[in-house]
Amino acid sequence: NWAEASLLQSTGGNGAPMVQWLDVGGGAGTLGRELGRLPVLRGRVAYDCVDLVASAACPSYDGSTLAHETASRDVVSFVFVLHHAADATIGLLQHAKRVSRRYIVVVEDLRGETEKQAKMQFGHEWKGQYRGDEEWRSLFKLLGLRVVHDTPIAQTCAWGFHVPRALYVLAVS
């Protein structure tokens with residue numbers, strides 16, 4: 001699996017394997033707690049996050065730039081965030097590519113396949129941008145990101161929202 005094969009090659013200051021993870025749009029830091037529960041990553045993740053709205057776990061950021069140092073994280077993730085970013089998506093992915101040493105993880109709602117799905121998406125985020133799988137792959141390629149893992153995600157989510165979804169793991173080099 002990509003996490004075991006690649007991520008754990010990083011080492012922390014004490015020599016123990018450590019993955020430096022930045023979660024963009026991290027809300028209350030839920031992903032960090034979940035990562036810490038995975039056996040392969042338990043005790044090996046240094047997680048931090050940013051969000052438009054500051055929380056106890058995640059300081060705020062401006063929604064379009066990542067002020068983090070170049071090559072300062074192993075992974076930068078966007079979990080159901082980029083459809084909200086709309087016009088800032090490409091810039092955020094460029095910043096993520098600069099900040100990450102290894103991977104960018106994108107988990108997204110894909111463009112609705114029916115009128116009903118499109119209406120639900122519009123109701124969820126009227127100013128958002130939903131892309132299909134082909135457009136995401138073209139965008140990643142244009143930005144010099146290589147898809148090293150991808151998988152569809154179960155379509156049921158909160159509020160009975162049913163749309164196609166996907167997870168992409170992108171190599172930055």
### Task
Kindly determine whether V76 and H68 satisfy side-chain contact (heavy atoms from CB on, under 4.5 Å), including the steps that lead there.
CA-CA 11 Å; V76 176; H68 301 75; over 6 Å; no
#### Entry: Y168 and F140 aromatic ring geometry - parallel, tilted or perpendicular at 30°/60° bounds
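Geometry flag for Y168 against F140: perpendicular rings.
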### Query
Name the one of R165, E125, R131 that satisfies side chain to side chain contact (heavy atoms under 4.5 Å, CB included) with D109?
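Going through R165, E125, R131 one by one, the side chain to side chain contact (heavy atoms under 4.5 Å, CB included) with D109 is satisfied by R165 alone.
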### Message
Suppose we screen for side-chain contact (heavy atoms from CB on, under 4.5 Å). Which residues come up paired with L143, at least two apart in sequence or across chains?
### Response
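In terms of side-chain contact (heavy atoms from CB on, under 4.5 Å), with neighbours along the sequence ignored, L143 is linked to I90, L93, Q94, L139, L145.
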Any donor-acceptor N/O pair, [X] side chain to [Y] backbone, under 3.5 Å:
X	Y	result
S60	D51	no
E34	T30	no
T65	A67	no
R73	D48	no
S77	V105	no

Give the minimum heavy-atom separation between [X] and [Y], together with the two atoms involved.
X	Y	value
K127	A86	O-CB, 3.6 Å
G29	C58	N-SG, 4.0 Å
L110	A166	CD1-CB, 4.0 Å
R101	A71	NH1-O, 2.8 Å

### Query
Roughly how far, to the nearest 0.5 Å, is OG of S100 from CD of Q20?
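Those atoms lie 11.0 Å apart.
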### Query
Atom CZ of R102 and atom CG of L170: how far apart are they, to the nearest 0.5 Å?
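Going from CZ on R102 over to CG on L170, the span is 15.5 Å.
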### Query
Passes side-chain contact (heavy atoms from CB on, under 4.5 Å), C49 versus L31? Steps please.
CA-CA 9 Å; C49 54; L31 178 61; over 6 Å; no
#### Entry: Other residues, nucleotides, ligands: >12 heavy atoms within 6.0 Å of D87 CG
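Not buried by this count: 12 neighbours or fewer within 6.0 Å.
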I'd like to know if [Y] and [X] are part of one continuous hydrophobic network [Ile/Leu/Val/Met/Phe/Trp/Tyr, side-chain heavy atoms within less than 4.5 Å].
X	Y	answer
V99	W21	no
V79	V19	yes
Y103	V45	yes
V148	V172	no
L22	L82	yes

### Task
Tell me, with the steps shown, if T89 and F78 meet side-chain contact (heavy atoms from CB on, under 4.5 Å).
CA-CA 10 Å; T89 297; F78 299 91; over 6 Å; no
### Query
So do H149 and L167 actually touch side chain to side chain, heavy atoms under 4.5 Å?
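Yes, their side chains come closer than 4.5 Å.
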### Task
Verify side-chain contact (heavy atoms from CB on, under 4.5 Å) between Y61 and L92, making sure each step is shown before the conclusion.
CA-CA 12 Å; Y61 82 117; L92 281 170; 4.0 Å; yes
### Message
If the threshold is 4.0 Å, N to carboxylate O, is there a salt bridge linking R137 and E134?
### Response
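Salt bridge flag = no for E134 with R137.
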### Message
I need the single residue from Q129, E108, R111 that forms a side chain to side chain donor-acceptor pair (under 3.5 Å) with H83. Which is it?
### Response
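The single option meeting the side chain to side chain donor-acceptor pair (under 3.5 Å) with H83 is E108.
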